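Heads up: the structure comes next, in structure tokens.
Since the model is a prediction, treat every value here as computed from it, not as a measurement. Each chain gets a letter, A, B and so on, in the order its sequence line appears, and its residues count up from 1.
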Protein chains: 2
Amino acid sequence: MTALSERSVPTVSSEELAAAAGVNSAKLRKDFSYLGSYGTRGVGYDVEYLVYQISRELGLTQDWPVVIVGIGNLGHALANYGGFASRGFRVAALLDADPAVVGSSAAGLPVRHMDELEEIVETQAVSIGVITTPPGAAQQVCDRLVEAGVTSILNFAPTVLTVPDGVDVRKVDLSIELQILAFHEQRKAGEEPDRGESVLDRAPGPVRAAAAKLRRAAGASAKRTDAKAEPEPAKGGPGQGPEGDLSAVMPA
Amino acid sequence: MTALSERSVPTVSSEELAAAAGVNSAKLRKDFSYLGSYGTRGVGYDVEYLVYQISRELGLTQDWPVVIVGIGNLGHALANYGGFASRGFRVAALLDADPAVVGSSAAGLPVRHMDELEEIVETQAVSIGVITTPPGAAQQVCDRLVEAGVTSILNFAPTVLTVPDGVDVRKVDLSIELQILAFHEQRKAGEEPDRGESVLDRAPGPVRAAAAKLRRAAGASAKRTDAKAEPEPAKGGPGQGPEGDLSAVMPA
DNA sequence: TAGATTGTTAATCGATTAACAATC
DNA sequence: TAGATTGTTAATCGATTAACAATC
């Protein structure tokens with residue numbers, strides 16, 4: 001949509017957009033309909049208007065002050081992250097508990113002491129906090145953020161946080177993405193014939209059960225039987241985004 | 001599972017595990033059944049055995065050498081990330097094109113020049129590459145990784161990469177997580193009565209259509225009507241993981 | 001008016017879950 | 001044997017998509 005807007009394309013049909021996005025046009029129309037009735041029959045969607053409406057719905061037109069707590073490499077990286085400003089995020093403050101770090105600067109902002117948290121959250125109306133501390137400090141920092149009035153937390157520490165009702169937490173685990181790649185990589189490589197498993201073990205119910213039964217009957221030395229190559233499931237294949245649950249990466 | 005293993009709990013039932021994970025026990029059993037028939041009726045699952053089988057299936061028991069290209073703050077942060085080693089990931093090399101960075105060290109490893117890429121990939125059998133370069137360099141680096149033989153790429157640069165068939169790409173956009181938080185935050189705050197929209201605009205088909213029709217008939221000054229508070233959909237509520245598509249964050 | 005395209009319904013498809021035979 | 005619990009089937013639920021009336 002942004003690309004179309006930059007090329008000054010005035011309108012776009014659900015069919016064109018769907019093709020560009022790789023989704024079904026009916027689904028796209030239905031999704032858009034949740035935002036309101038912003039298209040024109042026989043014409044399509046006004047690009048500028050739709051960009052604005054989607055931006056507004058997603059909260060991109062608002063100013064979102066955020067605090068980043070824990071200014072190590074990752075805190076630094078996030079403070080410098082280019083994508084934030086354009087989406088309405090503004091770094092209200094960088095905070096750290098380590099006196100050796102406090103007073104230094106990152107991305108043009110001074111690193112301030114944790115003790116200033118409460119005042120910053122209040123005066124700048126901060127509702128979103130980012131935790132980039134070591135795992136041991138994360139829950140404590142989280143409690144303090146919540147106490148100060150923050151109601152949304154983005155957690156990069158490898159710790160599952162406990163928060164009261166009404167507070168949202170999102171956890172980013174950088175190694176999960178690598179794990180998903182490794183999982184697919186492993187499948188690309190193909191399984192060794194005599195690792196005690198068969199490709200049939202991954203087939204749906206009845207086939208799998210039959211294969212397992214056969215193998216049990218034949219004893220542990222049973223060889224991999226000749227099976228048709230399983231086609232890659234549509235979901236697990238393309239797309240560069242995160243996948244929510246196992247069913248998206250597991251074979252059909 | 002790991003926690004149970006550490007407490008030397010010998011077996012666990014699908015019911016117990018499902019309760020702990022907050023999922024349905026039938027779904028859990030069905031998911032496990034894709035891995036094979038690893039439970040015992042009347043008893044449950046052997047904890048150690050299941051941990052091993054799941055680890056193996058996910059590729060956690062393998063050694064995965066990875067190269068990280070682009071050693072800025074984010075590259076540094078990833079090189080130091082603790083969660084990698086325990087999941088079988090090993091940083092085979094840190095690479096950068098900038099002579100000012102080459103020769104420095106991060107996480108105990110020397111930063112080497114991009115020109116060494118091909119040799120490293122070949123000699124260490126690297127199949128996974130991580131891109132933490134500026135956006136402008138990402139596609140070029142990606143092409144070179146693929147050319148060298150890398151078949152899985154984790155991309156932190158805000159660029160959609162084009163790769164040949166058979167190569168997997170996962171894109172991590174750190175600001176998307178913040179956007180999802182901001183989206184929920186906006187909804188928590190509640191909508192302004194006279195912003196020209198109604199909570200009914202978010203209701204499913206017929207209700208929405210009727211509301212829109214009424215508002216058109218009544219003109220632009222129509223006020224927000226009295227509507228029941230919409231209950232938070234199960235999917236959008238708890239959980240600290242990423243969500244794959246809009247249907248997970250949009251209201252029912 | 002004829003052609004195009006939306007917004008929505010109804011049909012289809014797939015995922016989740018209740019139920020239960022198998023079996024420890 | 002009686003109780004427990006798996007693995008799987010069949011029923012249910014929800015999401016996707018084809019189809020089309022509404023309408024520009």
Note to self: If the threshold is 4.0 Å, N to carboxylate O, is there a salt bridge linking A:Arg29 and A:Glu15?
What the structure shows: no
Checklist line | N-O pairing of B:Arg87 and A:Asp173 below 4.0 Å | finding: yes
Please report the distance, rounded to the nearest Å, between [atom1] in [X] and [atom2] in [N].
X       : N      : atom1 : atom2 : result
B:Arg29 : C:dA21 : CZ    : P     : 15 Å
B:Phe32 : D:dG7  : CZ    : P     : 10 Å
B:Glu16 : D:dT6  : CD    : C1'   : 14 Å
A:Glu15 : C:dT6  : CD    : P     : 8 Å
B:Leu50 : D:dG7  : CG    : P     : 10 Å
A:Leu35 : C:dG7  : CG    : C1'   : 13 Å
A:Asp46 : C:dT6  : CG    : P     : 13 Å
A:Asp31 : D:dT17 : CG    : P     : 11 Å

Notebook entry, point to check: Which residue, B:Ala26 or A:Thr40, contacts DNA chain C at a nucleotide closer to its 5' end, judged by nearest heavy atom?
Noted result: A:Thr40
Would one find a side-chain N or O of [X] under 4.0 angstrom from OP1 or OP2 of [N]?
X       : N      : answer
B:Ser14 : D:dT5  : no
A:Ser33 : C:dG7  : no
A:Lys27 : D:dT16 : yes
A:Tyr45 : C:dG7  : yes

Next item on the list: Report yes if the side chains of A:Leu178 and B:Trp64 come closer than 4.5 Å at any heavy-atom pair, otherwise no.
Entry: no
Notebook entry, point to check: Which of the following nucleotides, D:dT17, D:dA10, C:dC20, is nearest to the side chain of A:Lys30?
Noted result: D:dT17
Next item on the list: Tell me the partner of D:dC24, counting only Watson-Crick (N1-N3 plus N6-O4 or O6-N4) or G-U wobble (N1-O2 and O6-N3) with both under 3.5 Å; none if nothing fits.
Entry: C:dG3
Checklist line | Assigned partner base of C:dA19, Watson-Crick or wobble definition, under 3.5 Å | finding: D:dT8
Check: Quick one: on DNA chain D, does A:Gly42 or B:Gly42 contact a more 5' nucleotide (nearest heavy atom)?
Finding: B:Gly42
Check: Got a second to check how far B:Gln139's CD is from B:Asp143's CG, nearest 0.5 Å?
Finding: 4.5 Å
Check: Counting only distance, no hydrogens or angles, is the base of C:dT6 paired donor-acceptor with the side chain of A:Arg41 under 3.5 Å?
Finding: yes
Margin query: Using ring-ring contact (aromatic ring centres under 6.0 Å, His included), reason through A:Phe32 and A:Tyr38 one step at a time and then give a plain yes or no.
Written below: CA-CA 8 Å; A:Phe32 280 1; A:Tyr38 298 145; 8.9 Å; no
